[in-house]
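Every chain is numbered from 1 and lettered A, B, ... according to where its sequence line falls, protein lines coming before strand lines.
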Amino acid sequence: MLPRNKKRVILIVGPTGVGKTSLSIDLASKINGEIISADSRYLYKGMDIGTAKPSKEERNGIPHYLIDVAEPSETWSLSIFLERTREAIEKIHADNKIPIVVGGTGQYIRALMEGWRIPEFEPDEHLRRVLNDWSEEIGGMDLHRKLAMIDNDAARIIDPANVRRTVRALEVIFTTGKRFSTQRLKDGPAFDYWVIGLTMDRNQLFKQVDDRIEEMFTRGLVDEVKILMTKGYGSDLPSMSAIGYREVIRHLKGEIDLEEAKVLMRKGTRKFIRRQANWFKASDQGIHWYSMDTDPVDMIIDDLERDSEKKRGDD
RNA sequence: GCCGAGAUAGCUCAGUUGGUAGAGCACACGACUGAAAAUUGUGGGGUCGCCAGUCCGAUCCUGGCUCUCGGCA
């Protein structure tokens, strides 16, 4: 755990709509960086407007990794993200550039920073389906009791009502033959991470994302969803569970009107922003926080240089 | 003006055969190890429209008042 022996990786975190994407592109072009997206919805091809994915022009010639790398029908995962991100970081370092990991998917970023060691096994859709069926049959609470019988430590850290995590734990246990609770390991940071957190007054942010939602519709979100549906991508897919897509699908199916879809999108986005704040807390001493009230990019570059000098001094 | 219905959490509404109240949403906070824009837990918050009466005790019963929404004129 000697950061000075490790190569630097810049991380940019913060809630959706705060301005991570444009700041990261600006920063990358000023410090010779390349960008790795840590956003679980930028992965999917054809999902552009509703995810606020940066266009080719907006990317301003900066190479971006992990954008448009999967079909919406595919199920991506944390494990794949970690593997691909590490590869991309190595490659960017080899090119003598600075990797900038930017995104709002808290689990991905936290796992990268802390070096989570994910239980090793191939995904087993069949087993997962069997477990989900079992849960429906006996009830989520009873499924949780089953988990408690074979791995009490795991049951203690999973809310009994949280069927999804209960299923996941059982899936890992049945596949690996080992208790889930003994497989949640961390290797610690593999790189010298410099974490930038972007903040904004929450009410102002809420207003900003409300405006962004309106803009998504004028830019053609409904048509984008129609095209995806025509290709056979339905609301049962993980990709299509994204905010905006699930609501517009319901609208296109005639379940809700357009205004209701917008209301639900606003609500969903606000909830998402609150949940994101759980991964990256203002009190986190490891994060360098910058307010987006004024463009912080110059301040960030100053702080980065000061840190580099300090580390050179330590050597 | 008359008839009817209603007034309970920020919003929509339950409820108490009279013993000072709940749910969803909203808001705040938390969990998260191969689905994570997913999934999920906790919490704060109410002189139960106003005044009077009956009662040991009224948010609930009675009377009056105010306001809202229907309908009829």
Pairwise [atom1] distance, [M] and [N] [rounded to whole Å]:
N: B/rU12; M: B/rC69; atom1: C1'; answer: 15 Å
N: B/rC13; M: B/rC51; atom1: P; answer: 25 Å
N: B/rA36; M: B/rA31; atom1: C1'; answer: 13 Å
N: B/rC65; M: B/rG24; atom1: P; answer: 39 Å
N: B/rU47; M: B/rA58; atom1: C1'; answer: 13 Å

Exercise for the section: Would you please confirm or rule out a distance under 4.0 Å between OP1 or OP2 of B/rU33 and any side-chain N or O of A/R165? Expected result: yes
Exercise for the section: Indicate whether OP1 or OP2 belonging to B/rG30 is found under 4.0 Å from a side-chain N or O atom of A/N278. Expected result: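 Answer is yes, contact under 4.0 Å.
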Sequence neighbours excluded, every pair satisfying side-chain hydrogen bond (donor to acceptor under 3.5 Å, both in side chains) that has a member inside [range]:
range: residues 219-231 of chain A; value: A/E224-A/Y245
range: residues 11-23 of chain A; value: A/T16-A/R212, A/T21-A/Y42
range: residues 269-282 of chain A; value: A/D210-A/R270

Problem - Listed partners of A/H288 passing ring pair (Phe, Tyr, Trp, His ring centres under 6.0 Å), at least two apart - result: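 Here the qualifying residues are A/W194.
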Practice task
Using ring pair (Phe, Tyr, Trp, His ring centres under 6.0 Å) as the criterion, list what pairs up with A/F180, not counting sequence neighbours.
Solution key: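 Listed in chain order: nothing, the list is empty.
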Considering residues at least two apart in sequence or located in another chain, which fulfil the salt bridge (charged side-chain N to carboxylate O under 4.0 Å, His left out) criterion with [X]?
X: A/K45; result: A/E71
X: A/D257; result: none
X: A/K267; result: none

Handout entry: Salt-bridge criterion met for A/R156 and A/D153 (N-O under 4.0 Å)
Key =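 A salt bridge links A/R156 with A/D153.
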Problem - A/D142 and A/K146 ion-paired at < 4.0 Å - result: no
Exercise for the section: Scan residues 193-211 of chain A against RNA chain B and write down, sorted by residue number, each residue with any heavy atom closer than 4.0 Å; if none is found, say none. Expected result: A/R202
Exercise for the section: By nearest nucleotide on RNA chain B, pick out whichever of A/W279 and A/Y245 is the more 5' one. Expected result: A/W279
Exercise for the section: Hey, which sits more toward the 5' end of RNA chain B by its nearest nucleotide, A/I80 or A/R275? Expected result: A/I80
Completion exercise
Counting only Watson-Crick and G-U wobble pairs with both atom distances below 3.5 Å, the stems of 3 or more consecutive pairs that include RNA chain B are B:1-7 with B:66-72, B:10-13 with B:22-25, B:27-31 with B:39-43, B:49-53 with B:61-65
Can you name the atoms? Protein N/O to nucleotides 24-26 of chain B N/O, anything below 3.5 Å, with the distance.
residue: B/rC25; atom: O2'; partner: A/K267; partner atom: NZ; Å: 3.0

Handout entry: Any residue meeting side chain to side chain donor-acceptor pair (under 3.5 Å) with A/Y65, in chain and number order, not counting sequence neighbours
Key = A/E34, A/K91
